[in-house]
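Some notes on the structure that comes next.
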Amino acid sequence: MDFIRKQVVADGEAGTFGGRVQTRFPPEPNGFLHIGHAKSVCLNFGVAAEHGGICRLRFDDTNPAGEDAAYARGIAEDIAWLGFDPGVPLHTSEYFEQLYEWAEHLVVQGLAYVDDQDAETISAGRGDFTTPGVASPWRDRSPTENLALLRDMRAGRFGDGEKVLRARIDMTHPNMLMRDPVMYRIRHAGHFRAGDAWCIYPTYDWAHGQSDAIEGVTHSLCTLEFEGNRQLYDWYLDKLPLPGDRPRQTEFARLNLTHTVMSKRALGALIDGGLVDGWDDPRLPTLRGLRRRGYPPEAIRAFCAHIGVARVNGTHEIELLESFVRTHHNRFAQRRMAVLRPLEVVIDNWPGGHVECRRAPNNPENPADGTREVPFSGRLWIERDDFMIDPPRKFYRLAPGREVRLRAGYFLRCDDTETGPDGEVLRLRCSYDPTTGGGQAPDGRKVRATIHWVSADHAADATVALYDRLFGDPVPGADGRDPLESYNPDSRELITAAKIEPGLLETPPGSVVQFERLGYFARDTAPGEQPLFHRTVGLRDEWANIQKRRGQGA
RNA sequence: UGGCCGGUAGUUCAAUGGUAGAACGCCUGACUUUGGAUCAGGAGGCUGCAGGUUCGAGCCCUGCCCGGCCAGCCA
């Protein structure tokens, strides 16, 4: 059990919060969710569910710039897709009036003041880590004057940036966040929900704890970078006449994954720079991207449960996530055959024109999924990678004179090759053994490999997108560099002439199948001239490992 | 440079002050009509460093080292 769940259990036993558990998931609607958010969603909704409590989705819409209803809708969709009920979303903007009343309360108490300094001056006056801040010349205005000024701010009598409301705390505080933080800034900008009702907007710090308190949140879980903000969170709550229990903030480590980026800034740069197609590009760690790529929500949830929650900032290997995706699809994905880079095989001893339907299991892991029929004929496509004219050691597949098994078919021997002017292999002349239709040779001879195939006369065409790491560096942007420096321009390879077994045409958009020996592939949802499949993740590939090791070694 | 928080196999996490474990990855073998899956086994650690307290320290204390966050009218 992680430290947060232990804490929640302890609170329950101690009767803190009257035994209640209430959490919240509070994204700002200025972008879509990524897998880092998924960790938080699983934590917040999970903890609440485990204690019969509730978890609400609250949009932290305190800054009109960049926020949009489309993002809010998308976020709610993504949460539902992940497997949690977002319910009717709450909004911080619903509390603007209450927040404002509390601000006047602080002003009256002498705990907040209107500052006329501009942003630059305020920043300079804050000092730095070693030098204490200096008081603003407006710090000692009377409550009466401050109240009048705050009302004028709200009434729109000042322009953007002319004045701010600041909490009056301590300009020499060792925690920089406590050096009279800004509570309200003036923004004459429309808000996607509140419209033009306000021209002053609360900052994150001034809104967050109060929103938690208003909703009755008990455990306010956020990421580690808000550690320093907790002191402020508690200070505001301490000074206000709250309706109920005071919520408690607890921080945990955000999720980082190797070879990708999670920050909104970096994601935005990829999208705006045209380096990816959009928020739902299958290479992105966004929930929309992962969904399109074929990552099942169950696997994402299992991954989040597995990595747990702690207070150590680290980076998880993307391979771990992928292993969860494989584990899920291995159990549920239907097996099909597809040839990505076709090489023609002519079976010379196949009865001319004859077509046979071969029966293949849909999923050997689950016999209940039954079987399907796949047409077999004297002209096939096989994978170019499955043939080598001069095979190196440990290459078990087809080569001149060598025999392999065709999956759900027969043993096949390569008798001869037809080559072009540059020595490239154009076609394989082969023969099959009619006695091996059951997968075994009656004489007991063995083959080292089983390869996949598609009947050339029956195959359908498809486009297949293969993906590589979006970033070459395990940690893009490490030691302060621009993450985009390690962007991998070859992160997507589009194969437009793949040959697929005809049954694959029936695969519903959005679903994931296994192309035998190649990996899991998600059929794209967009209609197109020919079907498009995204490779979700490859299979464990021993031969690829051998090659990689050979490339690295000697 | 000040404050806060961290530091345990390659990685991410466990371990009431009492024999340092798991998962993924890696290696070997078994099985197999996917070089997949499954099963069995293996390698991998001076618990950041140095002192101290204790019968006994990954855990408590002190100092040092390394990393993260904080000087937005972003969240």
Side-chain angles (χ1 to χ4, degrees), chain A residues 1-2 26-28 30 60 62-63 65-66 115 117-120 122-133 160-166 173-179 181-187 200-201 203-205 207-208 222-231 251 253 255-256 258 264-265 303 306-317 319-324 326-327 330-331 335 337 360-361 363-365 394-397 404-409 411 436 438-440 447-452 474 514-519 538-546:
Chain A
M1 188 158 50
D2 60 71
E28 185 185 13
N30 64 350
D60 214 351
T62 56
N63 183 355
D115 195 338
Q117 299 180 114
D118 62 24
E120 209 177 312
I122 287 178
S123 175
R126 194 127 41 202
D128 61 30
F129 300 140
T130 46
T131 62
D160 288 7
E162 266 185 59
K163 289 182 167 39
V164 289
L165 183 72
R166 290 229 255 169
H173 200 107
N175 181 353
M176 299 287 298
L177 283 161
M178 299 295 278
R179 321 249 260 226
V182 170
M183 296 167 60
Y184 277 106
R185 45 340 186 168
I186 298 172
R187 288 278 153 85
I200 58 172
Y201 289 95
T203 55
Y204 164 85
D205 287 300
H208 207 89
C222 64
T223 44
L224 245 25
E225 64 269 26
F226 292 102
E227 246 173 336
N229 300 63
R230 185 175 64 231
Q231 209 168 6
E251 311 85 20
L255 169 65
N256 293 302
T258 53
K264 225 163 250 179
R265 203 191 79 63
F303 169 74
H306 182 266
I307 60 174
V309 356
R311 283 178 68 80
V312 277
N313 256 320
T315 304
H316 287 266
E317 288 168 349
E319 289 82 358
L320 180 60
L321 208 211
E322 291 175 338
S323 79
F324 277 88
R326 277 196 203 97
T327 300
N330 179 51
R331 189 151 55 228
R335 312 292 133 117
M337 288 196 283
N363 185 352
E365 302 293 314
K394 289 197 172 177
F395 181 86
Y396 302 143
R397 286 113 94 153
V404 297
R405 174 166 39 231
L406 294 172
R407 174 87 186 172
F411 281 19
T436 55
Q440 306 291 345
V447 291
R448 292 295 297 265
T450 301
I451 67 172
H452 58 276
Q514 183 192 106
F515 289 175
E516 294 219 40
R517 304 207 303 133
L518 297 175
L539 262 26
R540 251 184 98 232
D541 189 342
E542 191 58 29
W543 173 241
N545 280 344
I546 290 171

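Predicted model, so just to flag it, every value in this text is computed and none were measured. Quick note on labels: first sequence line is chain A, next is B, and so on, each numbered from 1.
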To the nearest Å, give me how far apart OH (A:Tyr201) and C1' (B:G72) are. 18 Å

Under 4.0 Å from OP1 or OP2 of B:U32: is there any side-chain N or O of A:Arg407 that close? no

Spacing of A:His173 atom NE2 relative to B:G2 atom P, expressed in whole Å: 16 Å

Looking only at the side chains, is there a donor atom on one of A:Asn256 and A:His316 sitting less than 3.5 Å from an acceptor on the other? no

Touch class at under 4.0 angstrom, heavy-atom based, for A:Gly133 against every strand present: nothing

Tell me yes or no: between the side chains of A:Thr327 and A:Asn330, is some donor less than 3.5 Å from an acceptor? no

Report which part of the nucleic acid A:Phe226 touches: base, sugar-phosphate, or nothing (heavy-atom distance under 4.0 Å, all strands). base

C1' atom, B:A20 versus B:A15: distance in rounded Å? 7 Å

Whole-angstrom distance between B:G7 and B:G45, as gauged at atom C1': 15 Å

NA contact type, A:Thr258, heavy-atom cut-off 4.0 Å: base, sugar-phosphate, or nothing? nothing

What integer number of Å spans the P atoms of B:A57 and B:C66? 27 Å

Separation between the C1' atoms of B:U8 and B:C59, rounded to whole Å: 11 Å

With RNA chain B as reference, determine whether A:Ile307 or A:Arg185 sits nearer its 5' end, using the nearest nucleotide of each. A:Ile307

A:Arg407 side chain to A:Ala360 main-chain N or O, any donor-acceptor pair under 3.5 Å? no

Locate the shortest heavy-atom distance separating A:Glu225 from A:Asn229; write the atom from each residue and the value. O-OD1, 3.8 Å

May I ask you to say what A:Asn30 touches in the nucleic acid, namely base, sugar-phosphate or nothing, with a heavy-atom cut-off under 4.0 Å? nothing

With side chains defined as the heavy atoms from C-beta onward, is the minimum distance between A:Ile200 and A:Tyr184 less than 4.5 Å? yes

For the residue pair A:Ile122 and A:Asp115, establish whether any side-chain heavy-atom pair is separated by less than 4.5 Å. yes

Could you list all N or O pairs between the protein and nucleotides 47-49 of chain B that sit under 3.5 Å apart?
none

Stacking of A:Phe129 on B:G2 base (centres under 5.5 Å, planes under 30°): yes

Per atom distances to the A:Glu317 side chain, the nearest of B:C73, B:G10, B:A75 is B:G10

Tell me the interatomic distance from A:Asn229, atom CG, to B:G72, atom P, rounded to whole angstroms. 13 Å

Output field: ring centroids A:Trp543/A:Tyr396 closer than 6.0 Å: no

Check every strand shown and say whether A:Leu518 touches a base, only sugar-phosphate, or nothing at a heavy-atom separation below 4.0 Å. nothing

Least distance between heavy atoms, A:Asp60 atom then A:Pro26 atom: CB-O, 3.8 Å

N/O-N/O pairs, protein side and nucleotides 66-68 of chain B side, under 3.5 Å:
{"unit_1": "B:G68", "atom_1": "O2'", "unit_2": "A:Asn313", "atom_2": "ND2", "d": "3.3"}

Report each atom pair, protein N/O against N/O of nucleotides 14-17 of chain B, whose distance is under 3.5 angstrom.
{"unit_1": "B:A15", "atom_1": "OP1", "unit_2": "A:Lys6", "atom_2": "NZ", "d": "2.9"}

How does RNA chain B read in dot-bracket, base by base from 5' to 3', with Watson-Crick or G-U pairs under 3.5 Å and | used when the partner is on another strand? .((((((..((((....[..)))).(((((.......))))).....(((((..]....))))))))))).....

Looking at the side chain of A:Thr130, which of B:G3, B:U1, B:U33 is the nearest nucleotide? B:U1

Less than 4.0 angstrom between a side-chain N/O of A:Thr315 and OP1 or OP2 of B:U11, yes or no? no

Roughly how many Å apart are B:A43 and B:G6, using the P atom of each and rounding to a whole number? 34 Å

In this structure, CD of A:Gln117 is separated from NZ of A:Lys163 (nearest 0.5 Å) by 11.5 Å

Within the 4.0 Å heavy-atom criterion, would you say A:Ala124 contacts the bases, only the backbone, or no part of the nucleic acid? nothing

Rounded to whole angstrom, note down the C1' distance from B:A75 over to B:C39. 49 Å

In whole Å, what is the span from the CG atom of A:Leu321 to the P atom of B:A23? 19 Å

Mind checking the P distance from B:A50 to B:C13? Whole angstroms is fine. 25 Å

What is the nucleic acid contact for A:Asn175, judged by heavy atoms within less than 4.0 Å: base, sugar-phosphate only, or nothing? nothing

Aromatic plane relationship, A:His306 with A:Phe324 - under 30° parallel, 30 to 60° tilted, over 60° perpendicular: tilted

Do the side-chain N or O atoms of A:Arg311 get closer than 4.0 angstrom to the phosphate oxygens (OP1, OP2) of B:C69? no

For B:G72, does OP1 or OP2 lie under 4.0 Å from any side-chain N or O of A:Ser123? yes

Under the rule syn = chi within 90° of 0, otherwise anti, which is B:G72? syn

Looking only at atom P, what distance separates B:C73 and B:G68, rounded to whole Å? 24 Å

If you find the nucleotide of RNA chain B closest to A:Leu320 and the one closest to A:Ile122, which residue's nucleotide is nearer the 5' end? A:Leu320

Taking only nitrogen or oxygen atoms into account, show me every contact under 3.5 Å that the protein makes with nucleotides 35-45 of chain B, one pair per line with its distance.
{"unit_1": "B:G35", "atom_1": "OP1", "unit_2": "A:Thr450", "atom_2": "O", "d": "3.4"}
{"unit_1": "B:G35", "atom_1": "OP1", "unit_2": "A:Arg517", "atom_2": "NH1", "d": "3.0"}
{"unit_1": "B:G35", "atom_1": "O2'", "unit_2": "A:Glu542", "atom_2": "N", "d": "3.2"}
{"unit_1": "B:G35", "atom_1": "N7", "unit_2": "A:Arg397", "atom_2": "NH1", "d": "3.0"}
{"unit_1": "B:G35", "atom_1": "O6", "unit_2": "A:Tyr396", "atom_2": "N", "d": "2.8"}
{"unit_1": "B:G35", "atom_1": "N1", "unit_2": "A:Lys394", "atom_2": "O", "d": "2.6"}
{"unit_1": "B:G35", "atom_1": "N2", "unit_2": "A:Lys394", "atom_2": "O", "d": "3.3"}
{"unit_1": "B:G36", "atom_1": "N2", "unit_2": "A:Glu365", "atom_2": "OE2", "d": "2.7"}
{"unit_1": "B:A37", "atom_1": "OP2", "unit_2": "A:Arg540", "atom_2": "NH1", "d": "2.8"}
{"unit_1": "B:A37", "atom_1": "O2'", "unit_2": "A:Asn330", "atom_2": "ND2", "d": "3.1"}
{"unit_1": "B:A37", "atom_1": "O2'", "unit_2": "A:Glu365", "atom_2": "OE1", "d": "3.0"}
{"unit_1": "B:A37", "atom_1": "O2'", "unit_2": "A:Glu365", "atom_2": "OE2", "d": "3.2"}

Mind checking if A:Glu322 touches a base, just sugar-phosphate, or nothing, with heavy atoms under 4.0 Å? nothing

Checking side-chain polar atoms at under 3.5 Å, does A:Glu365 have a donor or acceptor matched by the opposite partner on A:Asn363? no

Taking side chain to side chain contact (heavy atoms under 4.5 Å, CB included) as the test, write out the residues that go with A:Arg311, two or more places apart. A:Phe3, A:Leu224, A:Glu227, A:Glu251

Taking the side chain of A:His316 as its heavy atoms from C-beta onward, which of B:C74, B:C73, B:U12 lies nearest to it? B:U12

By the 4.0 Å heavy-atom rule, please label A:Gly314 as base, sugar-phosphate, or nothing. sugar-phosphate

Heavy atoms under 4.0 Å, any strand shown: does A:Asp205 hit a base, just sugar-phosphate, or nothing? nothing

